[in-house]
Every structure is written in C-alpha cells, then in structure tokens.
Amino acid sequence: MKAWTHFLRGVVLKLLYPFLMFLGAFMKSKKSYFQSYIIKLNNSLVMRNTTNPSKILILLPHCIQNSECDIRLTFDVFKCKKCGKCKIKDLLEIAEKNGVFISIATGGTIARKVVKDIRPDAIVAVACERDLSSGVVDTYPIPVIGILNERPQGPCFNTTVNLKKVEDAVECLLKNKTQDK
Ligand code: SF4
C-alpha cells in the first residue's frame with residue numbers, strides 16, 4: 001500500500017471514525033450512516049491502492065450460517081457440507097476458486113485471533129455496519145475491504161451477502177497483485 005494511502009486511511013480510521021462515533025452518540029439515528037460512510041471511504045482507498053497481497057482472507061460473521069445447521073464452523077469452515085441452505089457454500093467456492101483463506105468469527109475476539117493466526121496481507125470482511133467499521137479500525141493497518149451483510153430476517157439471524165460484491169472484492173485485490181508483478 002502506498003504511503004499516502006496508508007496515511008489517509010489512518011486519518012479516516014483513527015481520527016474521523018472516533019469523531020463521527022462521538023457525533024453518533026448524540027445523533028443515534030445517524031450512527032449506522034456514519035459507520036457505512038467510514039466503510040465506503042476506507043474501501044475506496046483500499047481498492048485503488050492495495051498492491052501485491054500474497055495472503056487474502058475472507059472473514060465472515062457467524063450469523064451468515066443457517067440457524068438450523070448444527071455443524072460447528074468457527075474453527076474450521078471447511079466442515080460445511082455445502083448443502084446450499086446458506087451462502088457459506090458459495091463463499092467457500094469463491095475462496096477455493098481464487099485460492100484465498102476463508103474463516104468464520106463469532107465475535108471480535110475470535111476475529112482478532114483468526115487475523116493473528118493467518119496474518120493476512122489483505123482482508124475481505126462481511127458484517128453489519130457496527131462490526132465492520134470497528135473491525136476495519138481494529139485491524140488497521142491491514143487493508144480491509146468491508147462488505148455489508150443483508151438482514152432479511154433481522155439483525156444477527158440468517159444473514160446473507162451479495163456474492164458478486166465478495167467476488168469483485170477478492171478479484172480486485174488479486175488484480176492489484178497481478179499488476180504489481
Ligand atoms: S451450506 Fe454449509 S453451513 Fe450452510 S446450512 Fe449447508 S452445511 Fe450448513
């Protein structure tokens with residue numbers, strides 16, 4: 001990542017984000033809008049300027065797994081039987097096709113452990129506005145492309161994601177890798 005992008009991300013994540021969260025404490029209805037704004041700003045910087053990531057990780061929230069599926073995926077997402085009842089199947093296929101790491105985290109502590117263990121050069125993370133914005137800030141300076149989940153049944157339950165956005169994000173990072181050679 002270029003030095004100026006690194007610096008700009010630092011300004012966005014370490015200065016603008018806490019300032020907007022401070023404002024959000026008084027303007028509660030705007031808080032998730034501020035979080036989305038930070039994610040968008042961060043994404044545009046990461047997508048244009050992340051070069052040569054050799055290890056890419058797709059990091060998913062636990063709530064994307066179908067609530068009726070009793071397979072424990074937190075420490076091994078490849079235990080998924082690919083039945084197709086949730087998007088884990090498709091996300092595994094995206095990871096396999098592109099040769100990138102993939103993992104599920106049940107919360108911030110596990111997410112931090114996954115990042116510490118895998119030590120990715122870049123991350124494609126899926127989550128809600130709150131978890132995504134705080135996760136992007138926590139993992140700085142690692143470049144993260146954040147993709148908001150979809151919540152047709154409400155928050156934290158049988159959530160889903162636009163697969164094309166995930167695939168585009170992975171391909172964008174891989175393209176940057178190829179261009180840098
Ligand atoms: S696709 Fe995988 S994780 Fe989703 S319900 Fe089927 S077996 Fe469970």
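Every number for a ligand or one of its atoms is a count from 1 in the order of the listing. Keep in mind that the numbers below use all heavy atoms, side chains included, and drop hydrogens, waters and symmetry copies. Residue numbers start at 1 and run along the sequence shown.
Partner of E129 under the salt bridge (charged side-chain N to carboxylate O under 4.0 Å, His left out) criterion, out of K30, R151, K31: R151 alone.
A side-chain donor-acceptor contact under 3.5 Å links T159 to the backbone of C63. No donor-acceptor pair under 3.5 Å is formed between the side chain of N149 and the backbone N or O of V161.
Using bins of under 30°, 30° to 60° and over 60° for the plane-to-plane angle, the ring pair Y37/Y33 lands in the parallel bin.
The number of protein N/O/S atoms found under 2.8 Å from atom 4 (Fe) of ligand 1 is 1.
Close approach of ligand 1 to L73 is summarised as follows: ligand atoms under 4.0 Å from at least one heavy atom of the residue are 3 (S).
In this structure, K97 does not pair ionically with E93, as no charged nitrogen and carboxylate oxygen lie closer than 4.0 Å.
Looking at heavy atoms from C-beta onward, V77 lies out of side-chain contact with S103 at the 4.5 angstrom threshold.
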